[in-house]
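One structure is given here, and the rest of the page talks about it.
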Protein chains: 2
Amino acid sequence: MPGFLYYCVRNTSYIMMKENIQPTQAELEILQILWKKGPSTVREVNERLNDSQEKSIGYTTTLKIMQIMFEKNLLSRNDSQRTHVYAAEVREGNIQSALLDRFLQAAYKGSASKLALHLLGNHKTTPDELAEIKALIDQLEKNKPS
Amino acid sequence: MPGFLYYCVRNTSYIMMKENIQPTQAELEILQILWKKGPSTVREVNERLNDSQEKSIGYTTTLKIMQIMFEKNLLSRNDSQRTHVYAAEVREGNIQSALLDRFLQAAYKGSASKLALHLLGNHKTTPDELAEIKALIDQLEKNKPS
DNA sequence: CTTAAAATACGAAGAGCTTCGTACTAAATG
DNA sequence: CATTTAGTACGAAGCTCTTCGTATTTTAAG
């Protein structure tokens with residue numbers, strides 16, 4: 001019997017299962033905070049949420065959403081203390097890629113180059129960033145000179 | 001009295017008003033069809049919607065959404081005939097840019113270069129497209145050699 | 001004229017997300 | 001021990017989006 005891990009690695013469904021999840025807007029904002037600050041309590045997240053925005057969000061609102069995220073396995077939770085400590089269970093890059101896939105399909109019907117042109121055309125990018133992107137393109141062209 | 005047009009052009013609120021609208025998923029799918037096929041009836045849109053997807057969507061569902069889009073001024077409508085003909089009232093590029101702005105902020109906290117790197121790294125891009133992007137970067141670097 | 005077919009209008013149900021009030025529980029303070 | 005304080009759990013309301021059923025109207029066919 002090949003086993004669960006073997007099966008999952010083979011067809012990548014393990015990654016799919018976890019990283020194909022699409023967090024909602026509120027969930028994403030909480031993830032941003034946890035990605036940046038590391039494991040945090042509900043109160044810490046709630047405060048960070050409130051001082052970075054104009055509108056103020058109630059404590060129990062943040063609590064509820066984080067509880068839901070825990071049930072969805074977006075977060076893990078240490079409840080050995082009375083005050084629970086939550087941590088992101090998904091990686092920033094993976095979630096971003098999953099969201100990007102969906103967005104690219106929905107808004108650009110999958111045309112990555114069109115999106116790229118809009119992106120570079122509309123948004124301020126520093127010379128350093130442009131150079132970085134250029135370097136990546138060069139590398140891609142080398143690897144696939146077909 | 002400067003007049004409405006003058007006012008709107010001055011502070012760009014005319015464009016904002018219209019292009020800052022964020023169509024929903026279903027609305028976007030309908031817009032895609034209208035952008036591609038031009039003015040169409042509800043039935044045409046509904047059929048196109050159904051043969052390009054697995055799930056089938058009821059006629060009145062499509063009708064309802066298009067009526068709502070008409071109220072939101074996302075679509076215009078010619079009702080001189082019994083069978084109304086709808087057309088997109090917003091430009092594809094403008095909507096895409098508006099969606100991109102929001103997505104960039106939500107998922108990448110505004111870092112266009114990070115998104116670009118993900119985009120080029122994760123998605124198949126043809127050599128032609130890469131060349132096109134490269135050309136744009138060169139142009140940007142020329143215009144801002146600071 | 002009657003009937004059938006096709007279109008629009010409209011109301012309402014269902015689902016998911018966000019928000020918060022309230023109840024309950026545990027800890028700290030006096 | 002009583003009281004205040006801070007935390008979790010939970011239910012439900014409000015919102016938006018999607019979906020469809022039904023009623024109504026208009027056109028075409030018999």
Side-chain angles (χ1 to χ4, degrees), chain A residues 20-34 39-50 52-87 95 98-99 102-103 106-107, chain B residues 20-34 39-50 52-87 95 98-99 102-103 106-107:
Chain A
N20 225 23
I21 290 174
Q22 307 275 343
T24 66
Q25 180 65 32
E27 288 171 349
L28 205 48
E29 283 169 29
I30 289 171
L31 281 173
Q32 309 268 25
I33 291 169
L34 292 175
S40 309
T41 65
V42 174
R43 183 151 303 281
E44 286 164 347
V45 170
N46 181 246
E47 278 167 6
R48 186 72 40 156
L49 221 42
N50 281 332
S52 70
Q53 296 187 222
E54 61 292 346
K55 60 170 179 181
S56 103
I57 288 170
Y59 173 84
T60 55
T61 302
T62 305
L63 172 66
K64 178 73 167 187
I65 293 183
M66 290 177 74
Q67 285 171 339
I68 292 172
M69 292 171 79
F70 172 65
E71 280 166 18
K72 289 184 185 175
N73 289 313
L74 284 172
L75 303 184
S76 62
R77 174 165 82 175
N78 179 338
D79 55 1
S80 61
Q81 302 299 121
R82 182 165 96 94
T83 302
H84 300 172
V85 176
Y86 290 82
I95 291 295
L99 289 170
R102 172 185 280 265
F103 174 73
Chain B
N20 225 22
I21 290 173
Q22 307 275 342
T24 66
Q25 181 64 34
E27 288 171 349
L28 205 48
E29 282 169 28
I30 288 171
L31 282 173
Q32 309 268 23
I33 291 169
L34 291 175
S40 308
T41 65
V42 174
R43 183 151 304 280
E44 286 164 348
V45 170
N46 181 247
E47 278 166 6
R48 185 71 41 154
L49 222 42
N50 281 332
S52 69
Q53 297 186 219
E54 60 293 348
K55 59 170 181 181
S56 104
I57 288 169
Y59 173 84
T60 55
T61 301
T62 305
L63 171 67
K64 179 73 166 187
I65 293 183
M66 289 176 75
Q67 285 171 338
I68 291 172
M69 291 171 80
F70 172 66
E71 281 166 18
K72 290 184 185 174
N73 289 311
L74 284 172
L75 303 184
S76 62
R77 176 165 81 175
N78 180 337
D79 55 0
S80 62
Q81 302 300 120
R82 180 164 98 96
T83 303
H84 299 351
V85 176
Y86 290 81
I95 291 295
L99 290 170
R102 173 186 279 265
F103 174 74

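Every value quoted in this text rests on a predicted model; they were computed, and no experiment measured them.
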Atom [atom1] in [X], atom [atom2] in [Y]: separation rounded to 0.5 Å?
X       : Y       : atom1 : atom2 : answer
B:Thr61 : B:Met66 : OG1   : CE    : 13.0 Å
B:Leu63 : B:Gln67 : CG    : CD    : 4.0 Å
B:Ser76 : B:Met69 : OG    : CE    : 11.0 Å

What's the [atom1]-[atom2] distance between [X] and [N], to the nearest Å?
X       : N      : atom1 : atom2 : value
A:Asn78 : D:dG7  : CG    : C1'   : 15 Å
A:Leu74 : C:dC17 : CG    : P     : 11 Å
A:Glu27 : C:dG16 : CD    : P     : 13 Å
A:Ile57 : C:dC17 : CD1   : C1'   : 13 Å
A:Phe70 : D:dC10 : CZ    : P     : 12 Å
A:Leu28 : C:dT18 : CG    : C1'   : 15 Å
A:Glu71 : C:dC17 : CD    : C1'   : 14 Å
A:Leu49 : C:dC20 : CG    : P     : 11 Å

Under the rule for side chain to side chain donor-acceptor pair (under 3.5 Å), what residues qualify as partners of [X], not counting sequence neighbours?
X       : answer
B:Arg43 : none
B:Arg77 : B:Tyr86
B:Ser80 : B:Asn78

A:Thr83: what forms a side-chain contact (heavy atoms from CB on, under 4.5 Å) with it, not counting sequence neighbours? A:Thr41
Under the side-chain contact (heavy atoms from CB on, under 4.5 Å) rule, collect the residues that match up with B:Ser40, sequence neighbours excluded. B:Leu34, B:Lys37, B:Glu44, B:Val45
Atom pairs under 3.5 Å, N or O on each side, protein against nucleotides 6-10 of chain C: can you list them with distances?
unit_1	atom_1	unit_2	atom_2	d
C:dA6	N3	B:Arg82	NH1	3.2
C:dA6	N3	B:Arg82	NH2	3.1
C:dA7	OP2	B:Arg43	NE	2.6
C:dA7	OP2	B:Arg43	NH2	2.9
C:dA7	O4'	B:Arg82	NH1	3.4
C:dA7	O4'	B:Arg82	NH2	3.4
C:dT8	OP1	B:His84	N	3.2
C:dT8	OP2	B:Tyr59	OH	2.3
C:dA9	OP2	B:Gln67	NE2	2.8
C:dA9	OP2	B:Arg77	NH1	3.2

Mind listing the side-chain donor-acceptor pairs of residues 23-32 of chain A below 3.5 Å, one per line with the distance, residues two or more places apart or on another chain?
unit_1	atom_1	unit_2	atom_2	d
A:Thr24	OG1	A:Glu27	N	3.4
A:Gln25	NE2	A:Glu29	OE2	3.2
A:Glu27	OE1	A:Thr24	N	2.9
A:Glu27	OE2	A:Lys72	NZ	2.7
A:Gln32	NE2	B:Ala106	O	2.7

Tell me whether the side-chain N/O atoms of A:Thr61 come closer than 4.0 Å to OP1 or OP2 in C:dC20. yes
Enumerate all atom pairs, one protein N or O and one N or O from nucleotides 14-17 of chain D, separated by less than 3.5 Å.
none

